[in-house]
Number of protein chains: 2
Amino acid sequence: MHRGTILDLPKRHTGDVQSPCAACTVRDLSICSVLDPAHVKCLTDIVSDVSISPGQSVFYEGDPAEHLFVLRDGCARVCKVLADGRRMITGFFFPSDIIGLAEDVTYAYSCEAVTRLSLCQFPRKELQDLFVEHPVLEQRILRVATNELAAAQDQMVLLGRKTASEKLASFLLLLSSRAGRRRARQDELFLPMSRNDIGDHLGLTTESVSRCFTRLRKQGIISLDAAHTIRILDRDRLLVLSGSGDYEIEPSVAAL
Amino acid sequence: MHRGTILDLPKRHTGDVQSPCAACTVRDLSICSVLDPAHVKCLTDIVSDVSISPGQSVFYEGDPAEHLFVLRDGCARVCKVLADGRRMITGFFFPSDIIGLAEDVTYAYSCEAVTRLSLCQFPRKELQDLFVEHPVLEQRILRVATNELAAAQDQMVLLGRKTASEKLASFLLLLSSRAGRRRARQDELFLPMSRNDIGDHLGLTTESVSRCFTRLRKQGIISLDAAHTIRILDRDRLLVLSGSGDYEIEPSVAAL
DNA sequence: CGGGACTTTGAGCAAATTCAACCATTGTGG
DNA sequence: CCACAATGGTTGAATTTGCTCAAAGTCCCG
């Protein structure tokens, strides 16, 4: 993983023909994939590498929305906070995800590092200019946005109409499926975020999350190898428990 | 309002130079606005007028996503249903809203008429073709999508972290603000949807919604002129009650 | 090995739900 | 034109789910 040399340099790359993207592990998953190798250079021309320590913010709610990010490594959380401090995590980002979609002049949420992050930072303005030459880029962004919209609607169903156990089951299955998309193991999940983070994402308290984990473990549906590593032992039952079971089982998924 | 003659014709318009859009009341609010009058014809060439009766579906979850709609008149609800029948309404659509954004080949939700609907129906495929010639159209769609994404995140905060009263207060303020955008009265709100619909949108039961309405009325914050017509009497207190109060008060809004 | 942060577990509580009854509005048929 | 059924809305009492508060346990890191 000799990518390390680039990661910690927060300076701009220009005219680097043997681009750092060539070695990028998420290149074929994220926006860059829509450009053929010959054109990726126009992206590398405007990209900066950014690295963020756990707990630090990539940006805050209300900051001018100047950049778009591609998460290359790590896990980030999207937070919105009410006046009295109640917090909601509207989502988590994993490698290949695009961070910072916003139409407004400011970000509508904060983005914080759960683990150390490595990000590609694109100035929104210059990216916009590239859209003219490469409309395929904008199309890709639109696809990402509509996919996020669909995910947001699923999350609303979860928040508004599912029980605590169903929420946790759904969350675990979603993470598992996203891990699969990144070609990681789907049965052994690494959960970098705290129980508190999970609670703020599912509309529950830390304690409720913990109790639901315990219940799933006692039912033999998952095992808790460590606080942040769980193993899915009975995917079918987890699916039924998630409340979306029964008719949302695609054969391809159910077969696993 | 001599638009009526067109509204009930579910047939395609072709080569109609004096386009129906000329008289459209939402034209300057929706996607059409991004094209100068000379180019609107390319939209009228592919549009169909559709009219839907209350309770009927525009499309169902799982239907092939063949069309994009612009709501010209009426109110629609977006529904997702769990296997056991629990329903979530992820949003309501009002005139000028775009319906049917989806990247998938099928719709991820159903869209049902709350009141009688008049819609412009665009075949997704042909619209896609127009994007090449008029990239400004795609840009507009992207803007709409990211705006919806921001709204979805606000709704997640509401669902996951607000109390029943805060939910209802937030909902009323949101509807009021959207009415304002359509240049309708902001203090006297017409709520076409049922208490049950509101409950399914806020993650509450019909009874809880009703109780919260009663409480707001008894506190003198709103008046219930009819079951579907409410008047906002004390906007400031409603704002504080919505939980987003205090620091989300924009001067322009607070001044009203 | 010790300290701090995070997690788990327990007991009591409260907000919202469920269940049930009643009320209001509307539309229909006699 | 009125009676009445049907639908939707409101109100009340009992229940439950998940929350709050409290304490003990665990893990990680220096």
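Nothing here was measured: the structure is a model prediction, and the numbers come from that model. Residue numbering restarts at 1 for every chain, and letters A, B, ... go by the order of the sequence lines.
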Inset, instruction - Using a cut-off of strictly less than 4.0 Å, decide whether A/Thr214 has a side-chain nitrogen or oxygen near OP1 or OP2 of C/dT9. - result: yes
Legend entry - Between D/dG18 (C1') and A/Lys162 (NZ): distance, integer Å: 18 Å
Inset, instruction - Mind checking A/Ser210 for me? I need base, sugar-phosphate or nothing, with any heavy atom below 4.0 Å counting as a touch. - result: base
Inset, instruction - Using atom CG of B/Asp84 as one end and atom P of C/dT18 as the other, report the distance to the nearest whole Å. - result: 11 Å
Legend entry - Presence of salt bridge, B/Arg77 and B/Asp200, under 4.0 angstrom: no
Inset, instruction - Round to a whole Å and report the spacing from CD1 of A/Ile198 to P of C/dT8. - result: 9 Å
Legend entry - Rounded distance in Å - CG (A/Leu168) to P (D/dG18): 12 Å
Inset, instruction - Nearest whole angstrom, please: distance from the P of D/dG18 to the CG of A/Leu159. - result: 13 Å
Inset, instruction - Salt-bridge test for A/Lys80 and B/Asp154: reply yes if a basic N is under 4.0 Å from a carboxylate O, no otherwise. - result: yes
Heteroatom pairs (N/O) under 3.5 angstrom, protein to nucleotides 23-30 of chain D:
none

Legend entry - Geometric class of the B/Phe59/B/Tyr107 ring pair [parallel <30°, tilted 30-60°, perpendicular >60°]: parallel
Inset, instruction - Go through C/dT9, C/dT7, D/dT20 for me and flag the one nearest to the A/Thr205 side chain. - result: D/dT20
Inset, instruction - Can you figure out which of C/dT9, D/dG18, C/dA16 approaches the side chain of A/Ala164 most closely? - result: D/dG18
Legend entry - Aromatic A/Phe213 / basic A/Arg195 pairing, under 6.0 angstrom, 45° off normal: yes
Legend entry - Pair A/Arg116 + A/Asp73, salt bridge at N-O below 4.0 Å: no
Inset, instruction - Find the distance B/Leu216:CG to D/dG9:C1' and express it as a whole number of Å. - result: 16 Å
Legend entry - Among C/dT9, C/dA16, D/dG18, the one nearest B/Ser208 by side-chain distance: C/dA16
Inset, instruction - Report yes or no: does A/Thr115 contribute a side-chain atom to a donor-acceptor pair with the main-chain N or O of A/Cys75 at less than 3.5 Å? - result: yes
Inset, instruction - Write down the distance between CZ (B/Arg161) and C1' (C/dA15), rounded to a whole number of angstrom. - result: 14 Å
Inset, instruction - Could you verify whether a donor N or O on one side chain and an acceptor N or O on the other, from A/Ser51 and A/Asp49, lie under 3.5 Å apart? - result: no
Legend entry - Close side-chain approach of B/Leu241 and B/Gln219, heavy atoms under 4.5 Å: yes
Inset, instruction - Determine yes or no for a side-chain-to-main-chain donor-acceptor pair under 3.5 angstrom, with B/Arg161 supplying the side chain and A/Arg86 the backbone. - result: no
Legend entry - Side-chain donor-acceptor pair present, B/Arg181, B/Ser96, cut-off under 3.5 Å: no
Inset, instruction - Rounded off to whole Å, could you give me the CG-to-P distance for the B/Leu158 and C/dA16 pair? - result: 12 Å
Inset, instruction - Check every atom of D/dG9, C/dT8, C/dT17 against the side chain of B/Leu204 and return the nucleotide holding the closest atom. - result: C/dT17
Inset, instruction - Could you tell me whether B/Gly203 contacts a base, only the sugar-phosphate backbone, or nothing, with contacts defined as non-hydrogen atoms closer than 4.0 Å? - result: sugar-phosphate
Which pairs, protein N/O on one side and nucleotides 19-24 of chain C N/O on the other, fall under 3.5 Å?
from, atom 1, to, atom 2, distance (Å)
C/dC19, N4, B/Glu207, OE2, 3.1

